[in-house]
Amino acid sequence: MASLLKILMKSEEWVMVLPPWGRLYHWQSPDIHQVRIPWSDFFDLESLNKNIPVMEYEDFIAGSASVIAPMLLKNTSARSVMLDRAENLLHDHYGGKEYWDTRRSMVFARHLRAVGDEFRSKYLNSTNEADRIPDEEDWTKLKVELGSSLGGPYLAVHLRRKDFIWGHREDVPSLEGAVKKIRSLMKTHRLDKVFVATDAVRKEYEELKRLLPEMVRFEPTWEELELYKDGGVAIIDQWVCAHARFFIGTSVSTFSFRIHEEREILGLDPKTTYNRFCGDLERECEQPTHWKVVY
């Protein structure tokens, strides 16, 4: 949508109205109010505005005539525009400069990054200074070379379960297979800590904990869950995974894709980023190739 807006802005002034977040499939915590969540709960709007002009939906509907009028003066044929299922509007140049400018502008909200950083420091002996990771708030000033960042002294894992077990069964290992791969990576990279992000159900999680007792996971209190929502907890998981010395994710998972991108932005080596679990019966386990970042 940002790519589309940039094209429109070459001719007229446009502003993207950010629709509030509603309950997503992955947000399954019961009894938590997870509707009409503003973007500022999850992302840094100041960073987004450095790429394209945006505004919250609540601000849009409450805006006075003097605020809205400049947006409508030249757009005389319409009062507003909504594009349903915007994911169908593919990028003209996926992975190009415009794509990455938009992606880099999508900085997670400061309070969620702070929670992730505190968790890293407390449980994973990881800080930006020690991990040689740039600590720059303004994405427009963040210039890094791939491989220049070291990452924290831990392995990060995204192990997708639930519907992937039957929807992508050829790509998803058993819990025993996943643990075998995790232990192999820990030995190879001399890491004794492993952070796990997973949507496994309680029974599977307990089995995973039995097989891998040293695993670390961000488990929010009820108060934290109510404050951050499932979406915020997912961001914290992604943030911790993005800072690891080595990451392994799940094939064709959007959650893993976003971690890949975040690690590129932070300057982690692609060899430590683009790795995936393989199915137990998968003979040729092709690993994902990395995208070229164009700043």
Side-chain angles (χ1 to χ4, degrees), residues 1-27 34-109 112 137-143 231-232 234-235 238 242 252-266 288-295:
M1 291 303 297
S3 297
L4 173 61
L5 199 76
K6 287 182 178 181
I7 295 172
L8 294 174
M9 289 175 63
K10 292 178 180 179
S11 301
E12 296 181 338
E13 293 184 7
W14 285 77
V15 175
M16 182 184 294
V17 179
L18 303 171
W21 292 83
R23 184 180 290 276
L24 302 182
Y25 168 78
H26 300 284
W27 299 356
Q34 303 197 79
V35 296
R36 300 187 70 83
I37 301 174
W39 274 64
S40 58
D41 276 18
F42 296 148
F43 292 93
D44 187 315
L45 295 193
E46 183 180 345
S47 292
L48 287 174
N49 268 299
K50 289 180 178 179
N51 182 51
I52 56 169
V54 300
M55 66 188 305
E56 295 275 24
Y57 176 72
E58 293 296 333
D59 294 332
F60 172 69
I61 62 175
S64 65
S66 62
V67 173
I68 300 298
M71 305 179 201
L72 303 177
L73 284 174
K74 295 182 180 180
N75 303 313
T76 55
S77 63
R79 305 276 301 177
S80 60
V81 176
M82 184 192 79
L83 296 173
D84 192 20
R85 301 196 66 79
E87 69 271 19
N88 292 327
L89 294 173
L90 300 180
H91 309 279
D92 290 338
H93 303 287
Y94 183 76
K97 184 179 186 302
E98 282 197 0
Y99 174 88
W100 278 102
D101 279 351
T102 298
R103 178 59 181 85
R104 292 168 72 221
S105 76
M106 297 180 69
V107 177
F108 295 136
L112 297 177
E137 282 285 322
D138 188 344
W139 67 270
T140 65
K141 298 178 181 178
L142 179 61
K143 304 294 182 183
I235 285 175
Q238 289 184 341
V252 304
S253 166
T254 302
F255 192 96
S256 286
F257 290 161
R258 299 292 82 83
I259 294 170
H260 292 164
E261 293 172 341
E262 203 68 41
R263 290 176 63 84
E264 287 233 13
I265 291 169
L266 292 175
T289 57
H290 74 273
W291 299 316
K292 179 176 177 59
V293 183
V294 182
Y295 292 140

Could you tell me which non-hydrogen atom of [X] sits nearest to which non-hydrogen atom of [Y], and how far apart they are?
{"X": "D41", "Y": "L112", "value": "O-CD1, 3.5 Å"}
{"X": "E56", "Y": "P38", "value": "OE2-CB, 3.5 Å"}
{"X": "I52", "Y": "A2", "value": "CD1-CB, 3.6 Å"}
{"X": "A242", "Y": "L266", "value": "O-CD1, 3.9 Å"}

So [Y] and [X], do their side chains get closer than 4.5 Å, heavy atoms only?
{"X": "L5", "Y": "P53", "result": "yes"}
{"X": "R103", "Y": "R258", "result": "yes"}
{"X": "E262", "Y": "I259", "result": "no"}
{"X": "M106", "Y": "L48", "result": "yes"}

One should read off an interatomic distance between S256 OG and Q238 CD, to the nearest 0.5 angstrom, of 9.0 Å
Interatomic distance, D101 atom CG to K50 atom NZ [nearest 0.5 angstrom] | 13.0 Å
Derivation of the side-chain contact (heavy atoms from CB on, under 4.5 Å) call for F60 and L18 = CA-CA 9 Å; F60 172 69; L18 303 171; over 6 Å; no
Taken in chain and number order and not counting sequence neighbours, the residues that satisfy salt bridge (charged side-chain N to carboxylate O under 4.0 Å, His left out) with K6 are none
Could you tell me which residues satisfy salt bridge (charged side-chain N to carboxylate O under 4.0 Å, His left out) with R36, sequence neighbours excluded, listed by chain and number?
-> E58
Who are the ring pair (Phe, Tyr, Trp, His ring centres under 6.0 Å) partners of F42, not counting sequence neighbours?
-> W21, W27
Applying ring pair (Phe, Tyr, Trp, His ring centres under 6.0 Å), name anything that partners F43, two or more places apart in sequence or on another chain.
-> W39, F108
side-chain contact (heavy atoms from CB on, under 4.5 Å) filter on V107, not counting sequence neighbours, yields D44, S47, R113, W139
Sequence-distant partners of T102, side chain to side chain donor-acceptor pair (under 3.5 Å), two or more places apart | N51
May I ask you to decide whether E261 forms a salt bridge with R104, counting only side-chain N to carboxylate O separations under 4.0 Å?
-> no
